[in-house]
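Following: one structure in structure tokens, then a few remarks.
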Amino acid sequence: MAARIEHLVTSGQFSLDGGTWDVDNNVWLVGDDHEVVVIDAAHDADAIAEAVGDRTLRAIVCTHAHNDHIDAAPALAERTGAPIWLHPDDLPLWKQTHPDRLPDHWLADGQVIEAAGADLTVLHTPGHAPGAVCLYDPGLGTVFTGDTLFAGGPGATGRSYSHFPTIIDSIRDRLLTLPPDTSVRTGHGDSTTIGAEAPHLEDWINRGH
């Protein structure tokens, strides 16, 4: 059975630099009837565990360590026995939310995470956060971009640990080089495609988005 993509929206709060905002997060599940990977365990471990069901959860992959993307990860790991994966450059952010629980494994650029025939290649795309990653599966024609690329532009870079020129480099060099019909499944809001976003790169740069 080929891998499929499932989508869950969970709600909670994002906190950084002394501010707190209400947010809705996209949680992505990639797998089949037997095993699955969760991308960004946000807010609600119960809802995510229910979506996983009786399948084996192979990995909980964090696209970055802002609290709204990782707050439910330890509870989900405890319930399922699945390991948590994070890029090491985001450890300082991780520790702001989970000072007493480290991730289980470190993501590395070019690594492949497998489940149910899906091959998710890790692309290190810093800018929104130092350890931000995207996960690309050419077989599914999809890249999971976390908060690096949205429908309409780059992720926010106005807070600690973020940097606008860096996210532009990541998007230009790592994402806009993917096939134009690649689906972009984001950390918040609607999906888009590489082809829909690529023509706007210069606009984003000029806006200093």
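All figures in this text were calculated on a predicted structure; none of them were measured in a lab.
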Heavy-atom check, side chain of T63 versus side chain of T145, under 4.5 Å: no

Do I167 and W204 come within less than 4.5 Å of each other through their side chains, counting heavy atoms only? no

Angle class for the H66/H64 ring planes (parallel below 30°, perpendicular above 60°, tilted otherwise)? perpendicular

Can S160 and D17 be counted as having a side-chain donor-acceptor contact under 3.5 angstrom? yes

With clusters defined by side-chain heavy atoms of hydrophobic residues (ILVMFWY) lying less than 4.5 Å apart, directly or transitively, does I168 cluster with I194? yes

For N26, the option from R185, H7, H69 that meets side chain to side chain donor-acceptor pair (under 3.5 Å): H7

Identify the heavy atoms of [X] and [Y] that sit nearest to each other, and give their distance.
X	Y	result
A72	A45	CB-N, 3.6 Å
R55	L29	NH2-CD2, 4.0 Å
T157	F164	OG1-CB, 3.5 Å

So, does [X] use its side chain to make a donor-acceptor pair with the main chain of [Y] at under 3.5 Å?
X	Y	result
S183	T193	no
Q111	A108	yes
H98	D100	no
W94	P99	no
D32	H34	yes
T148	G146	no
T182	L178	no

Run S15 and N67 through side-chain hydrogen bond (donor to acceptor under 3.5 Å, both in side chains) and show every step you take. CA-CA 7 Å; S15 300; N67 74 292; 4.5 Å; no

In terms of heavy-atom contacts, does CG of D104 have more than 12 from other residues, nucleotides or ligands at under 6.0 Å? yes

Kindly indicate, with the supporting measurements, whether the criterion side-chain hydrogen bond (donor to acceptor under 3.5 Å, both in side chains) is fulfilled by Q13 and T20. CA-CA 6 Å; Q13 292 186 318; T20 297; 5.4 Å; no

Do the charged groups of R174 and D109 touch, with an N to O distance under 4.0 Å? yes

Between atom [atom1] of [X] and atom [atom2] of [Y], what is the distance when rounded to the nearest 0.5 Å?
X	Y	atom1	atom2	result
L107	L135	CG	CG	7.5 Å
D119	I113	CG	CD1	10.5 Å
L175	S170	CG	OG	7.5 Å
E202	R207	CD	CZ	12.0 Å
D203	H200	CG	NE2	7.0 Å

Less than 6.0 angstrom from the centroid, inside 45 degrees of the normal: does R4 satisfy that with respect to the ring of W28? no

Could you list all the salt bridge (Lys or Arg N to Asp or Glu O under 4.0 Å) pairs where at least one residue sits in residues 61-79, not counting sequence neighbours? D46-R79

Quick check on side-chain contact (heavy atoms from CB on, under 4.5 Å): which of N25, V23, D24 does T10 satisfy it with? N25

